[in-house]
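All remarks here apply to the structure that follows.
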Amino acid sequence: MADLKLELKEKIIEQLNLEDMSVDEIGDQDPLFGEGLGLDSIDALELIVMLDKDYGIKLADPKEGRQIFESVETMANYIEQHQTS
Amino acid sequence: MKTSYFIQEYCHIQNGAIWRNGESLYSNGETDFKTFIKAAYKTLDLDYSKFFKMDHLSKLAFIASDLLLSSDTEKNTALVLSNRAASLDTDRKHQKSIENENGYYPSPAVFVYTLPNICLGEISIKHQLFSENAFFVFEQFQAAYLHDYASSLLDMGRAEKVLCGWVDMDDEKYDAFLYVVAKNGIFAHSKEKINQLYQTPWQI
């Protein structure tokens with residue numbers, strides 16, 4: 001689980017172009033949107049694509065993203081429960 | 001009597017160098033655009049985290065416009081930009097992400113930049129402009145067209161100033177020349193002068 005969280009932090013930084021940020025600056029429970037990392041709606045779509053492309057998870061209902069993408073920890077939990085590849 | 005307009009400020013970005021009003025502002029000899037523009041962003045001490053999310057065309061337009069607008073308080077500044085390649089640089093990236101049927105993963109963050117005028121939105125957001133804007137695609141730099149369009153906006157009172165110019169980005173080839181047209185300034189706003197400034201980044 002710790003490895004997955006680290007991997008997610010690296011992917012978030014790389015794929016969302018958070019060039020001024022390092023993995024150490026993202027806490028497992030930090031909110032990804034709003035006052036946390038300040039991600040926006042386009043970033044949310046990128047995260048949905050990332051779940052599909054890298055973990056084989058398709059979100060049937062994009063509204064689910066609100067809970068799944070709350071933090072790195074909630075993402076990691078969801079991936080562990082739903083990963084198919 | 002017809003009002004006279006002037007070129008207030010201008011800047012160039014090309015071949016790993018930045019000039020403002022004919023003076024070299026930054027140069028690192030770096031030819032790779034991504035490396036060059038990131039180094040320029042850091043050196044110019046810009047603080048705008050959304051910069052890193054922009055495509056190459058928007059980064060080029062953003063840095064060039066910031067050189068001319070950051071100290072300007074006039075909010076009724078129209079934006080009239082042009083180029084040759086439109087958003088081709090980003091269009092190619094998008095095309096690459098959808099060309100394989102078995103790996104069809106278009107990136108939303110890339111897709112939103114597949115129009116050249118998106119860079120006008122980035123500039124407007126940064127400088128809080130709610131002004132007129134237009135983006136034209138020409139085979140080559142058209143001083144006459146930009147001259148007439150800017151003059152018309154000012155004549156009709158649609159803007160107090162006009163940020164005009166050329167921002168072209170195609171693979172590793174990039175070229176930006178922006179200038180501000182206003183009711184006062186250092187050069188007369190003429191087609192000849194615009195062409196002369198476009199062709200000569202350094203002091204003339």
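Labels below follow one simple rule: chain letters A, B, ... track the order of the sequence lines, proteins then strands, and each chain is numbered from 1.
Side-chain contact between A/V49 and B/P108 is present, with at least one heavy-atom pair separated by less than 4.5 Å.
Crowding of B/K75 atom NZ: a count of heavy atoms from other residues, nucleotides or ligands under 6.0 Å exceeding 12. Other residues, nucleotides and ligands contribute only 12 or fewer heavy atoms inside 6.0 Å of the CG atom of B/D47. With a 6.0 Å radius and a threshold of 12 heavy atoms from other residues, nucleotides or ligands, A/E14 has its CD atom at or below the threshold. The number of heavy atoms from other shown groups lying within 6.0 Å of CZ (B/F111) does not exceed 12. Taking a 6.0 Å sphere around CZ of B/R158, one finds it holds 12 or fewer heavy atoms contributed by other residues, nucleotides or ligands. Crowding of B/K42 atom NZ: a count of heavy atoms from other residues, nucleotides or ligands under 6.0 Å exceeding 12.
Side chain of B/K53 to main chain of A/N17: no donor-acceptor pair is present (N/O by atom type, distance under 3.5 Å, no hydrogens or angles).
How far CZ of B/F52 is from CE of A/M21: 12.0 Å, rounded to the nearest 0.5 Å. The line from CG of A/D52 to OH of B/Y104 is 12.5 Å long, rounded to the nearest 0.5 Å. Between B/S107 atom OG and A/M50 atom CE the span is 12.5 Å, to the nearest 0.5 Å.
The interface of residues 121-152 of chain B with chain A, defined by heavy-atom distances below 4.5 Å, is empty.
Residue A/I48: no heavy atom, backbone or side chain, is found under 4.5 Å from chain B.
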